[in-house]
Amino acid sequence: SFLSWNANSLPGRCKEENNAKALRAMVQEHSPDIIAIQEVRMTAHGPAGAKKGDGRPRDRSRAGEGQKASDEDLRTVKSLLDTAPFSGYRRFFSLAEWRYAGTALLVKKSLAPP
């Protein structure tokens, strides 16, 4: 099965315990094979000193590190995704340059990779 969710800020949802609890319960109840999350609103990893709109390449497959807000967002999201039932999923990200948009795809580890 497939679950799609527009988080409108995944770090924000993870910070709110009621939201994290509800998402955890929904995933445990339905046990989807794939979870697609839109509007994760996490910054893509960029080179040291990168600034919004500077044209420097970003690694959109991983969250930014080294900036206070990005580090906090990453810790917040990892605190949810590293626990059951999410720990049973492989994670793939396509993140935006600067905390807008971005998607995450969680695929059950039990599914054979393509």
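It should be emphasised that the depicted structure is a prediction, and the values quoted were computed from it without experimental measurement.
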- With Gln28 via side chain to side chain donor-acceptor pair (under 3.5 Å) - residues at least two apart: none
- Query: Would you say Arg13 and Arg41 make side-chain contact, with heavy atoms under 4.5 Å?
  - Reply: no
- Message: side-chain contact (heavy atoms from CB on, under 4.5 Å) for Leu106 and Arg90? Distances and angles first, verdict last.
- Response: CA-CA 6 Å; Leu106 309 179; Arg90 289 189 306 278; over 6 Å; no
- Hey, what do you get for OG1 (Thr83) to NZ (Lys78), rounding to the nearest 0.5 Å? 11.0 Å
- Given the rule in the side-chain contact (heavy atoms from CB on, under 4.5 Å) test, do Leu95 and Arg62 qualify, once you have shown the distances and angles that lead to the verdict? CA-CA 7 Å; Leu95 302 173; Arg62 67 181 236 213; 5.9 Å; no
- Query: Is there a side-chain contact between Leu23 and Trp5 (heavy atoms, below 4.5 Å)?
  - Reply: yes
- Query: Where is the tightest heavy-atom contact between Cys14 and Ala20, given as atom of each residue plus distance?
  - Reply: O-CB, 4.0 Å
- State, yes or no, whether a side-chain contact exists between Ile37 and Thr103 at a heavy-atom distance under 4.5 Å. no
- Which heavy atom in Ala63 sits nearest to a heavy atom in Leu74, and how many Å separate them? CB-CD1, 3.6 Å
- Query: Is Glu29 salt-bridged to Arg24, going by a charged N under 4.0 Å from an acidic O?
  - Reply: no
- Would a 4.5 Å heavy-atom cut-off, applied to side chains only, mark Ser31 and Lys108 as touching? yes
- Task: Locate the shortest heavy-atom distance separating Pro57 from Pro47; write the atom from each residue and the value.
- Result: O-CD, 3.2 Å
- Message: On a heavy-atom basis, which atom in Gly46 and which in Arg58 lie closest, and how many Å separate them?
- Response: CA-CD, 3.5 Å
- Rounded to the nearest 0.5 Å, the OG atom of Ser79 sits from the NZ atom of Lys15 at a distance of 10.5 Å
- Item | Same apolar cluster: Val40 and Val107, side chain cutoff 4.5 Å | no
- Message: Membership question, hydrophobic clusters at under 4.5 Å side-chain separation (ILVMFWY): are Met26 and Phe2 in the same one?
- Response: no
- Message: Can you confirm whether the side chains of Ser87 and Lys109 place a donor and an acceptor under 3.5 Å from each other?
- Response: no
- Task: Kindly indicate whether the side chain of Leu105, heavy atoms from C-beta on, has any atom under 4.5 Å from the side chain of Ile34.
- Result: yes
- Taking Arg60 for its side chain and Ala44 for its backbone only, find out whether a donor-acceptor pair lies under 3.5 Å. no
- Message: For a 4.5 angstrom cut-off between non-hydrogen side-chain atoms, does Leu10 reach Glu39?
- Response: no
- Query: Is the closest side-chain heavy-atom distance between Leu81 and Arg91 below 4.5 Å?
  - Reply: yes
- Non-hydrogen side-chain atoms of Tyr89 and Ser110 separated by less than 4.5 Å: no
- Looking only at heavy atoms, which two atoms of Ser1 and Pro32 are closest? And how far apart? OG-CA, 3.1 Å
